[in-house]
Structures are given as C-alpha cells and as structure tokens.
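Presented below is the structure to which this report refers.
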Number of protein chains: 2
Amino acid sequence: MHSERVASRSADQRDSPRESRNGSPTLDAVSLAIIQQLQEDGRRPYAAIGKAVGLSEAAVRQRVQKLLDQGVMQIVAVTDPLTVGFRRQAMVGIHVEGDVESIADVLTDMSEVEYVVMTAGSFDILAEIVCEDDDHLLDVINKRIRALPGVRSTESFVYMKLKKQTYMWGTR
Amino acid sequence: MHSERVASRSADQRDSPRESRNGSPTLDAVSLAIIQQLQEDGRRPYAAIGKAVGLSEAAVRQRVQKLLDQGVMQIVAVTDPLTVGFRRQAMVGIHVEGDVESIADVLTDMSEVEYVVMTAGSFDILAEIVCEDDDHLLDVINKRIRALPGVRSTESFVYMKLKKQTYMWGTR
DNA sequence: CGCCACTTCTGCGAAATCCGCAAGCTTTGA
DNA sequence: TCAAAGCTTGCGGATTTCGCAGAAGTGGCG
C-alpha cells in the first residue's frame, strides 16, 4: 500500500553526494521537504513528516538525525529576546582591515554574539548582539569588538522593536 | 517526591499578568527556564523539561502550549539558507521618512523578508531578505522596497558566509 | 471570613510516538 | 561482480504525548 509514493523517485532527486563549494553537502529534494515540514513545526512526528514527503517513518528519522548531526539544521525554540524581557539587542556593522574571516571567528566565540555573517556590502561583517543591559552592550561593543586588531571601525544599530522573524523559506 | 521544588514559588516570580509596554506578558522564571531547555533542544520531552525546571510533565506541556499559542516562542528547524543551497540572502538597511512602523509593516508582509527590526541607528529599519537568485534579490530591493513611498534610501549587504547562528541567550 | 470563579498543577490511564533492530531490495560506484 | 548506501517493512518495548478529573492556590466580593 505504498502506491501513491513519489513514483519510484530515483537518481535525479536522490542525494548524489556532490558537494557545494563550501564543503557542505547539497541537499536533495526530500531532505529539503523534511526541513520544510520542521520549519512549520519543529515537533512534528516522524510518521507525519514521512507521509508528507513520501518516506517511511524510519527513513525520516534517519535523515533528521543526520541533518542534526551534520549541523545542517537545528531544531530549537526561538523568541524575541526583547519581548521575553530583560535584554538589549543590537546589530553591529564592522569594517575590517586584513583578514575578515579571522575577525569573524573571534566574534563567533563571544557568547553575547548570536549571529555573525560576512557580507559584500560596505560592512565586512554584521554581528547581532544580545546583552543584559546598556552597560553590558556598551562594554561588548567598545571594549571587546572595537579593541580587536583588524577592526577599523564599527557602527551600531540598537534594536527598538522586532517586527518579524520567520524560518519559512522554502514554503513559498 | 517533589521535595526539591523551587521552594513554593509564588507571587513574585509567578505570572502576575502585568504587561510589558508592547502588550506581551512578562514571563516568570519557570517559563524562562522552560524556554531555555527548548533552546538547547526543541524536541526535548516534557518530562525531562519538567524534571529540570521542577514541574510536572502535564504542567510543562500546558505552559509550552500557551507560549506557542501566545506567539512568545516558536519551535522550528533553522538552517543556513546559503548552505542549504540555492538562494541569495542580504541584509538591507533602510532610511525612512515619515512613519517608520507602517513601512516596517509592509516589509513584514513580504514573503521574501525573513526578519524585520526597527532600530535606533543610522538606519531606521533592518530587513533580512532570502531570495532565489540575484535577479530575484535585485527585483525585491529595487522594485519593491525602494519603490515604497516613505523609503528615502537603502543600503544592501549581500551575505557571503554565515558564521554563527544561535538561540542560546539565557544559557549564560 | 466564607464562597465562588479562575487558573495552574498533579496524577492517572490510554493512545501515539520514538527507537533500535533485522531481513530484503535497489542503486551506485569501484 | 562486489561492497556500500539508503530505503522499506515489520516488530516489539520503552518512552512520550494527550486528555481529563481532582486538588490546590489566588483574587474578588459580600
């Protein structure tokens, strides 16, 4: 009774483990569909996901586990820290001279930094920071980020209000 | 055998439904602890969470459900769209003249926009965009965002590489 | 103080889910 | 042709989820 399966899907949309340039495996359509299911509801049972993507419960379980192990995906609770209460948040744009990635690595190791991305705009790096209060924020930006060798200058954007936060790409 | 409970927690850290200015309820310490557990693992069973925060399984279940219903928290799979494959991503800083919030609302309704925050920096709004490809990105920025009445100017930061993405505030 | 409405927590069974495992099949690649 | 991967089906047992009834704490009010 597995007649309505995806018509003996094979080869093309299977996971030929071709690698994208950055070393992470390219995902096939089925894994993408699984991720999409979990973007809608991170606790959705494996059987339900399997039905949606045309895979057995066990197969979904294996795939999800692998995606988690590989770090391709994480299943977590997300909130708006500002709503949750007691915190100051800001985006910091950073101009770097020299090796951008090494600076980014340092930022990554800071616990107050939640988000680090290297960009092609006028900033070399964007980093999102979550702090206890204004003093803490000031300390992180001025004492710890600006002090890094290679950081030429920074510009801060203190968050006033988070209007949207979704994880639904692929659902379009 | 629930002796090591949080010492008859009452009143102060309970959820006296005092509202923070933006209308969302202030969370008590227990809910915060629950969220923290789910930030570490969005699929962690209720019983395990209950043991960690000093509540019964059923109570945790109710709380989590309420947090989800209220929109305070969501449990989802998150990925790096760039790693996942076929997409262009950018942060766009926007200078607004006139009503900032109404512009932010319009952005919020765009499916390509994943993240919208009003800031106190030189930009009035920061918006993160996820697109199919360069053409799509260009289209969204030039035709749809820049065209909005009230948008004075924009600056784009195309993502090259996502270095960090966590949801672990409160775990410090 | 007593009563009531309301909310939250607890303590159950019952149902559903998760998890590991085994045997068989197909495709891929060396 | 053989080995490796990945999927499927099937299966119990352990765990988790779920719904519900009852207990317990709170706040309003006469």
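Letters A, B, ... mirror the listed sequences (proteins, then strands); counts begin at 1.
- Ala59(A) comes within 4.0 angstrom of the backbone, heavy atoms only, and of no base.
- Ile125(B) is not listed as a side-chain neighbour of Thr119(B), based on a closest heavy-atom distance of 4.5 Å or more.
- Residue Lys66(B) has no polar side-chain atom (N or O) positioned under 4.0 Å from OP1 or OP2 of dT7(C).
- By the salt bridge (charged side-chain N to carboxylate O under 4.0 Å, His left out) test, Arg152(A) is found to be paired with Glu97(A), residues two or more places apart in sequence or in another chain being considered.
- One interatomic measurement links the two molecules: CG of Leu55(A) to C1' of dG6(D), which rounds to 10 Å at whole-angstrom precision.
- Applying the ring-ring contact (aromatic ring centres under 6.0 Å, His included) definition to pairs two or more places apart or across chains, none involves residues 35-81 of chain A.
- Sorted by first and then second residue, the salt bridge (charged side-chain N to carboxylate O under 4.0 Å, His left out) pairs involving residues 41-53 of chain A (not counting sequence neighbours) are Glu40(A)-Arg44(A).
- Look at CG on Leu38(B): it is 14 Å from P on dT16(D), rounded to the nearest Å.
- A straight line from CG of Asp69(B) to P of dT8(C) spans 12 Å, rounded to a whole angstrom.
- Residues passing the salt bridge (charged side-chain N to carboxylate O under 4.0 Å, His left out) test with Asp134(A), sequence neighbours excluded: Arg88(A).
- Pairs engaging residues 121-131 of chain B under the salt bridge (charged side-chain N to carboxylate O under 4.0 Å, His left out) rule: none recorded [sequence neighbours left out].
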Generate the contact string for nucleotides 17-23 of chain D. Rules: B means base contact, S means sugar-phosphate contact only, - means no protein heavy atom under 4.0 Å. BBB----

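- An end-to-end axis angle of 40° holds for the helix from dC1(C)-dG30(D) to dA30(C)-dT1(D), taken from five base pairs per end and rounded to 10°.
- Here Glu155(A) pairs with Phe123(A), Phe157(A), Ser122(B) under the side chain to side chain contact (heavy atoms under 4.5 Å, CB included) rule; sequence neighbours left out.
- Between the CG atom of Asp28(B) and the C1' atom of dT7(C) there is a distance of 13 Å, rounded to whole Å.
- Listed by chain and number, the residues in a salt bridge (charged side-chain N to carboxylate O under 4.0 Å, His left out) with Arg144(A) are Glu112(A) (sequence neighbours excluded).
- Atoms NZ (Lys51(B)) and C1' (dT10(C)) sit 15 Å apart, rounded to a whole Å.
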